[in-house]
Asker: 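Structure provided below as structure tokens; questions to follow.
It should be emphasised that the depicted structure is a prediction, and the values quoted were computed from it without experimental measurement. Both backbone and side-chain heavy atoms feed into the values below; hydrogens, waters and symmetry mates do not.
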Amino acid sequence: MPAVSPPKPCGGITTVAEHSDCLLIQFARVPIVGAVKTRLIPALGEEGACQLHVDLLQHCCKQLLASGLAPVELWLDSEGSHPAVMACERQGATLRLQQGTSLGERMHHALLDGLSRHPRVVLVGSDCPAIDEAYLRRAFEGLTTAPVVFGEATDGGYVLIGACQSDWGLFDGVSWGSEAVLSESLANVEGLGWTAAVLPALSDIDRAEDLPVWQEYMAN
């Protein structure tokens, strides 16, 4: 493993919206019936699970773009076109392709790529409808005092990771998809000698028991 760089909080942010040196990255899978939201197929069927994936993908992209906080890049897991993806591009998101085999490798690559062009990068998944401008602003502000920020998920993972720097040690050994993702990630942060800010917990829409959260959100 390369030598670990000392932690470096971003510092200097006064009003997040005034900083064009930030970047927002959205991770998403290309919508393919039967291959997305597979844990929801028993409840919604393959077509219904795919449509939910599309709805969440588009909702998240609109939230990021509407925040006006930073340029938005939509990083997809594979090449291919879909009307939802093309709509995001037309609305202003730049399309990019994820690199790596594991989720950790893909996020690490995206953060490194983003940080080569922007001092502050916030990466979100497409499954949390409650991520809005205020939450994103808190993420960027969290990077004024710590080199890494996590948006906690109610299932033990995280809905957001922001960074001023990245190291493979952040992602190494994490049990992706388990309830230990955030705790293991925070242990990795400590092992690097870094600190992390943690934002209030939000819900992902991944399982049948999460569907009322989405339904309530859309009703409001």
Side-chain angles (χ1 to χ4, degrees), residues 1-11 22-30 35-39 60 70 73-79 96-128 131 135-136 138-207:
M1 181 184 296
V4 175
S5 302
K8 53 171 186 178
C10 297
C22 299
L23 176 67
L24 286 167
I25 291 176
Q26 177 184 355
F27 257 34
R29 301 182 68 181
V30 173
V36 294
K37 289 296 176 196
T38 54
R39 284 183 286 181
C60 179
E73 295 182 353
L74 175 58
W75 286 62
L76 301 167
D77 69 324
S78 62
E79 295 181 346
R96 303 291 300 273
L97 184 63
Q98 299 173 24
Q99 302 290 330
T101 54
S102 70
L103 177 59
E105 289 175 356
R106 296 195 296 270
M107 289 195 292
H108 180 50
H109 173 267
L111 285 175
L112 285 180
D113 184 277
L115 289 168
S116 71
R117 297 174 285 117
H118 302 267
R120 307 162 179 87
V121 177
V122 166
L123 185 156
V124 305
S126 296
D127 300 328
C128 180
I131 292 178
Y135 200 79
L136 295 169
R138 291 184 67 173
F140 282 122
E141 290 172 349
L143 294 173
T144 64
T145 57
V148 181
V149 60
F150 293 103
E152 183 176 359
T154 54
D155 62 4
Y158 54 82
V159 300
L160 172 156
I161 179 171
C164 298
Q165 62 188 106
S166 188
D167 186 281
W168 172 240
L170 282 173
F171 307 100
D172 191 23
V174 174
S175 306
W176 303 109
S178 76
E179 297 178 354
V181 168
L182 180 59
S183 61
E184 290 175 352
S185 299
L186 290 173
N188 282 349
V189 170
E190 184 177 357
L192 289 169
W194 297 3
T195 58
V198 179
L199 304 182
L202 299 177
S203 296
D204 272 332
I205 311 300
D206 287 323
R207 304 160 297 180

Asker: Please answer whether the main-chain N or O of V149 pairs with a side-chain N or O of Y158 as donor and acceptor at a distance below 3.5 Å.
Answerer: no

Asker: Is there a donor-acceptor contact under 3.5 Å from the side chain of R106 to the main chain of T101?
Answerer: yes

Asker: Does a side-chain heavy-atom distance below 4.5 Å link V189 with L170?
Answerer: yes

Asker: So do D206 and K37 actually touch side chain to side chain, heavy atoms under 4.5 Å?
Answerer: yes

Asker: So do the side chains of D127 and F27 get within less than 4.5 Å of each other, counting heavy atoms only?
Answerer: no

Asker: Do L186 and V198 have side chains that approach each other closer than 4.5 Å (heavy atoms only, starting at C-beta)?
Answerer: yes

Asker: Taking E184 for its side chain and S175 for its backbone only, find out whether a donor-acceptor pair lies under 3.5 Å.
Answerer: yes

Asker: Any chance CZ of R138 has more than 12 other-residue heavy atoms, nucleotides or ligands included, within less than 6.0 Å?
Answerer: no

Asker: Please name the pair of heavy atoms, one in A110 and one in L123, separated by the smallest distance, quoted to 0.1 Å.
Answerer: CB-CD1, 4.0 Å

Asker: Does D155 use its side chain to pair, donor to acceptor, with the backbone of E179 at less than 3.5 Å?
Answerer: no

Asker: Enter the distance from Q26:CD to I131:CD1 here, rounded to the nearest 0.5 Å.
Answerer: 9.0 Å

Asker: Kindly compute the distance separating CD (E105) from CE (M107), expressed to the nearest 0.5 Å.
Answerer: 11.0 Å

Asker: Where do G114 and L23 come nearest, in terms of heavy atoms and distance?
Answerer: CA-CD2, 3.8 Å

Asker: State, to 0.1 Å, how close C164 and A146 come at their nearest heavy-atom pair, and which atoms those are.
Answerer: SG-O, 4.4 Å

Asker: Which atom names give the shortest non-hydrogen contact between D204 and C128, and what distance separates them?
Answerer: OD1-CB, 3.5 Å

Asker: List the atom of R117, the atom of D113, and the distance in Å for their closest heavy-atom pair.
Answerer: NH2-OD1, 2.6 Å

